[in-house]
Amino acid sequence: MAAEMAVTKIVDVGTADAVWFKYLLSCIAASCAEFATYPLDLTKTRLQIQGESADSKVPYRGLFRTGLGVVREEGILCLWQGITPAVFRHVIYTGVRMNGYEWMRNQVREEGASLPVWQAALGGLLAGGTGQLLASPADLVKVQMQMEGRRRLLGQKPRVLSARHAFQRIISEGGVRSLWKGCVPNVQRSALVNLGDLTTYDSVKGRLVRNTSLGDNHLTHFLASACSGLVSATLGTPADVVKTRVMNQPTDHHGRGLLYRNSIDCFIHLVRSEGLLAMYKGFLPCWMRMAPWSLTFWFTYENMRKFFGTPTF
């Protein structure tokens with residue numbers, strides 16, 4: 001009773017269930033997960049760029065050697081290079097995808113029942129694609145900032161000095177439209193990732209709660225988030241590789257890419273020159289990041305909702 005009284009003093013029932021409040025909670029949870037797992041995201045990006053003509057002098061490395069190389073050659077803080085636009089991206093991306101999916105789910109789901117898998121998958125695709133479409137400029141800046149340390153080691157001139165400088169440079173070279181460079185593979189990737197993440201988490205959690213004795217607790221959240229991280233990484237890595245290559249490529253004075261015309265051209269070029277398995281470059285760090293990211297996010301998000309009296313996801 002005392003705990004319930006404490007909750008009501010923090011937020012009232014109307015606020016706890018308001019869309020804007022759940023949006024805020026999802027952004028806070030995503031920021032916590034991003035800070036905790038960002039070094040793996042940077043490592044994944046570096047691995048995906050290996051083999052590209054613009055970076056052909058860099059020897060192939062695995063996950064741990066790449067991470068250690070960044071620390072040794074550039075400093076430990078460079079493992080968080082680009083974290084500012086990454087967090088800003090989640091303010092848009094995660095807020096839109098989480099609340100968009102929950103809203104669509106609540107419109108078609110009967111109370112106490114679970115969505116059919118195909119409906120959950122469609123909701124995940126739409127929510128993830130929409131969120132990423134809106135947040136793509138921040139993702140573009142993040143990818144370019146992640147590669148700056150490597151460019152300096154190769155003796156190349158730095159392209160960007162900060163997130164603000166990156167935005168200004170991109171707009172000055174190609175106009176506002178150039179902020180959405182790589183948007184197509186980016187949206188494709190996020191749609192697939194959310195098909196795996198939201199669909200898997202929602203479906204697994206719902207079935208565990210209804211069909212087992214576990215209930216809606218930490219173990220259920222852990223199992224559901226572990227499954228969602230694996231499925232997300234499997235579905236999203238190929239599109240993530242293409243997205244990273246397209247976004248990182250140098251551009252001409254019109255903002256057009258010098259290596260790839262579009263995502264399809266990038267896919268064909270990558271498979272021809274590096275083989276089909278190149279589509280899964282960075283899969284291990286991608287999965288190793290998505291698993292703890294998913295666990296951190298869902299654990300934080302579910303517990304914050306519970307603390308403030310918001311119904312669990």
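Quantities reported herein were computed from a predicted structural model and do not represent experimental measurements.
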Please check if the number of heavy atoms outside [X] that lie under 6.0 Å from its [atom1] is greater than 12.
X      : atom1 : value
His218 : NE2   : no
Phe21  : CZ    : yes
Leu219 : CG    : yes

How far apart are the closest heavy atoms of [X] and [Y], and which atoms are they?
X      : Y      : result
Ser294 : Gly229 : OG-N, 4.3 Å
Ser26  : Asn99  : OG-ND2, 3.7 Å
Val108 : Gln119 : CG2-OE1, 4.0 Å
Leu125 : Ala191 : CD2-O, 3.2 Å
Val87  : Phe35  : CG2-CE1, 3.8 Å
Tyr38  : Gly82  : OH-C, 3.1 Å

- Message: side chain to side chain contact (heavy atoms under 4.5 Å, CB included), that's the test. Do Lys142 and Asp41 meet it? Break it down for me.
- Response: CA-CA 10 Å; Lys142 182 195 75 171; Asp41 184 56; 3.1 Å; yes
Are [X] and [Y] close enough that some pair of their side-chain heavy atoms sits under 4.5 Å apart?
X      : Y      : result
Met290 : Val193 : yes
Tyr23  : Val96  : yes
Leu25  : Tyr301 : yes
His221 : Asp216 : yes
Leu140 : Ile170 : yes
Leu198 : Arg105 : no
Cys27  : Thr94  : no
Leu223 : Leu214 : yes

- Query: Side chains of Asp139 and Ser136: donor-acceptor distance under 3.5 Å anywhere?
  - Reply: no
If we ignore hydrogens and angles and just use 3.5 Å, is the side chain of [X] paired with the main-chain N or O of [Y] as donor and acceptor?
X      : Y      : answer
Thr199 : Gly196 : no
Ser225 : Trp298 : no
Ser190 : Gly129 : no
Thr310 : Ala16  : yes
Asp265 : Arg261 : yes
Glu302 : Phe313 : yes
Thr43  : Thr66  : no
Ser178 : Gly175 : yes
Ser172 : Arg169 : yes
Tyr101 : Asn194 : no

Would you verify whether the NZ or CZ of [X] falls within 45 degrees of the ring axis of [Y] while also being under 6.0 Å from that six-membered ring's centre?
X      : Y      : value
Arg97  : Tyr201 : no
Arg164 : Phe167 : no
Arg245 : Phe267 : no

Using 0.5 Å steps for rounding, measure from the [atom1] atom of [X] to the [atom2] atom of [Y].
X      : Y      : atom1 : atom2 : value
Gln81  : Leu79  : CD    : CG    : 9.5 Å
Leu195 : Thr200 : CG    : OG1   : 7.5 Å
Leu295 : Thr37  : CG    : OG1   : 11.0 Å
Phe88  : Thr84  : CZ    : OG1   : 11.0 Å
Glu173 : Gln168 : CD    : CD    : 12.0 Å
His269 : Leu259 : NE2   : CG    : 7.5 Å

- Test Thr220 against Asn217 for side chain to side chain donor-acceptor pair (under 3.5 Å), laying out the working first. CA-CA 5 Å; Thr220 299; Asn217 56 27; 3.1 Å; yes
- Query: Can Asp197 and Val231 be said to form a side chain to side chain contact (heavy atoms under 4.5 Å, CB included), step by step?
  - Reply: CA-CA 7 Å; Asp197 183 30; Val231 175; over 6 Å; no
Do [X] and [Y] sit in the same hydrophobic cluster, where Ile, Leu, Val, Met, Phe, Trp and Tyr count as joined when their side-chain heavy atoms come under 4.5 Å apart?
X      : Y      : value
Leu235 : Val117 : no
Leu126 : Val19  : no
Leu179 : Tyr93  : no
Trp20  : Ile28  : yes
Val271 : Leu277 : no

- Phe283 and Trp287 aromatic ring geometry - parallel, tilted or perpendicular at 30°/60° bounds: parallel
- Message: Using the rule given for side chain to side chain donor-acceptor pair (under 3.5 Å), can you reason through Gln132 versus Arg89, listing the C-alpha separation, both sets of side-chain angles and the distance that settles it, and then say yes or no?
- Response: CA-CA 8 Å; Gln132 187 55 59; Arg89 167 183 176 262; 2.8 Å; yes
- Message: If you apply the rule side chain to side chain contact (heavy atoms under 4.5 Å, CB included), what do you find for Trp293 with Leu40, and how did you get there?
- Response: CA-CA 10 Å; Trp293 195 100; Leu40 284 170; over 6 Å; no
